[in-house]
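The figures here come from the full heavy-atom set of this structure, side chains too, leaving out hydrogens, waters and symmetry mates. Just so it is clear: chains get the letters A, B, ... in the order the sequence lines come, proteins before strands, and each one is counted from 1.
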There are 2 protein chains.
Amino acid sequence: MQAAQTIAQEGLEAPTERQRAVLDAALALLVDPNETLTMTSVARRASCSKETLYKWFGDRDGLLTATVQWQAAKVRAVQLPQAGLDRTALAGALEQFAADWLRVLSGTTSVALNRLAIGQAQTLRGDLGRIVLENGPVAMGRRLRPVLEAGQAAGLIACDDVETAFRTFFGLVVRDLQIRLLLGDRLAPGETEIRREAMRATQQFLALYGAGTGQNAHHLQQEGTR
Amino acid sequence: MQAAQTIAQEGLEAPTERQRAVLDAALALLVDPNETLTMTSVARRASCSKETLYKWFGDRDGLLTATVQWQAAKVRAVQLPQAGLDRTALAGALEQFAADWLRVLSGTTSVALNRLAIGQAQTLRGDLGRIVLENGPVAMGRRLRPVLEAGQAAGLIACDDVETAFRTFFGLVVRDLQIRLLLGDRLAPGETEIRREAMRATQQFLALYGAGTGQNAHHLQQEGTR
DNA sequence: AAAGGAGCGTACCGTACGTTACGGTACGGC
DNA sequence: GCCGTACCGTAACGTACGGTACGCTCCTTT
């Protein structure tokens with residue numbers, strides 16, 4: 001069992017137990033504000049040699065990439081049931097989705113990872129930004145789209161572009177929270193606040209895109225395109 | 001005229017002509033993706049000595065801080081007229097505001113500065129994050145608040161918390177644009193797209209918070225607080 | 001039991017960069 | 001005319017860190 005040990009080449013190989021421990025060490029360093037992630041610090045914290053790090057991950061960039069992907073792999077799941085969709089079920093699904101997203105977003109890990117990716121996005125070669133993007137907003141959209149489409153099919157949502165509807169939902173949920181957290185603002189919302197915000201965002205979204213309630217404003221979609 | 005030349009101590013002193021040129025050089029380096037901002041590169045580009053940089057700005061951090069403040073000082077202005085407010089005027093003001101904000105947000109300078117501030121926000125001492133925050137979302141809120149309050153006073157906007165309304169407007173305008181740009185996504189919107197988005201955000205905002213049209217949904221405000 | 005590899009610890013190298021020091025020039029005041 | 005000051009250009013220093021090399025231990029395989 002020698003092959004499939006180096007993560008560096010392609011992100012295809014799944015990390016071994018030991019490698020996952022190393023990646024967790026890197027994550028811990030990334031999150032800890034009193035520490036800085038260097039190859040030396042990762043090796044020390046993971047009780048491994050730097051040589052092993054380079055053997056497994058190629059270089060610093062490979063280690064960071066593997067770390068981001070490892071964290072992304074952890075977050076998955078959280079499936080939304082969408083059978084027998086009525087307005088209440090749709091609202092519940094959106095609400096749960098928003099709350100999950102806010103929880104992830106305001107977590108120290110997410111903040112640290114986004115900072116890392118943003119920091120190296122200004123340089124040329126930066127897969128990190130793309131990876132975080134892929135596992136952040138894009139993944140959120142991919143998971144939310146079937147829900148919105150189901151709502152559309154059930155006549156609960158009126159919009160001519162699911163993508164636009166998703167981005168609006170994103171804005172209503174996140175607002176200025178993420179940029180503030182990234183800039184160092186201390187305002188990590190508590191659980192009750194998250195639930196309240198998720199509810200507000202959902203209700204606002206349904207007020208804009210919901211159909212069949214008689215008080216929505218879906219006519220905005222047509223006007224917005226001229 | 002020896003005093004008031006060092007910017008390092010407090011941000012009180014206004015930079016001299018020559019110092020402004022240095023700060024512009026720093027900004028240029030910051031924006032250029034092919035360059036990296038180092039003390040040496042700033043000195044070379046500004047045709048000044050590093051000794052002068054340290055004399056004026058104390059250290060690298062002081063230079064960065066002065067640079068961010070200098071850029072912030074440039075952006076000001078863009079006053080919104082708010083006399084004789086009716087629904088059309090309010091919508092126009094919001095729309096212009098949103099368009100201005102999108103233009104700033106998607107500019108290379110804003111992206112570079114936010115990246116810089118976010119990058120160093122993970123460390124302890126980071127006034128940069130606070131400064132950018134102060135000149136970003138907070139400044140936007142400060143400028144928008146009187147407009148919203150005027151709209152409220154004129155019975156055009158129904159909300160029990162101007163701050164919440166502002167943050168919602170922020171979300172509707174920015175959505176996922178800023179985080180995508182920061183993460184390196186290429187999608188800088190053109191002028192026509194900015195105008196369209198500003199219009200959409202404004203209409204959506206008025207649909208949620210607008211009063212007196214008979215099709216708004218301001219009742220959400222009460223529900224959202226339980 | 002011997003051999004070999006995987007991996008730990010550590011010393012080491014090269015480089016980038018922040019910071020300091022120093023020599024040289026222009027200029028205003030005595 | 002001389003000194004102090006401000007400034008430029010550049011060399012030099014110290015350090016942090018990415019990357020490499022090497023010796024040692026332990027564990028697996030035969």
Whether S106(B) side chain and L102(B) backbone form a donor-acceptor pair below 3.5 Å: yes

Distance in angstrom units between L29(A) CG and dG18(D) P, rounded: 12 Å

Within residues 15-44 of chain B or reaching into it, pairs that qualify as salt bridge (Lys or Arg N to Asp or Glu O under 4.0 Å) - sequence neighbours excluded: E17(B)-R20(B), D24(B)-K74(B)

Atom pairs under 3.5 Å, N or O on each side, protein against nucleotides 9-17 of chain D: can you list them with distances?
none

Between Q204(A) and Y209(A): side-chain donor-acceptor atoms closer than 3.5 Å: no

Of the listed nucleotides dC7(D), dT20(C), dC8(C), the one nearest the side chain of Y54(B): dT20(C)

Spacing of K55(A) atom NZ relative to dG19(D) atom P, expressed in whole Å: 18 Å

Separation of atom CZ in F57(B) from atom P in dA6(D), rounded to whole Å: 16 Å

Nearest-angstrom distance from the residue atom CH2 of W56(B) to P of dA6(D): 11 Å

R195(B): partners by salt bridge (Lys or Arg N to Asp or Glu O under 4.0 Å), with sequence neighbours left out: E191(B)

Check: I131(A) main-chain N/O paired with E134(A) side-chain donor or acceptor under 3.5 Å: no

Aromatic plane relationship, F169(B) with F205(B) - under 30° parallel, 30 to 60° tilted, over 60° perpendicular: perpendicular

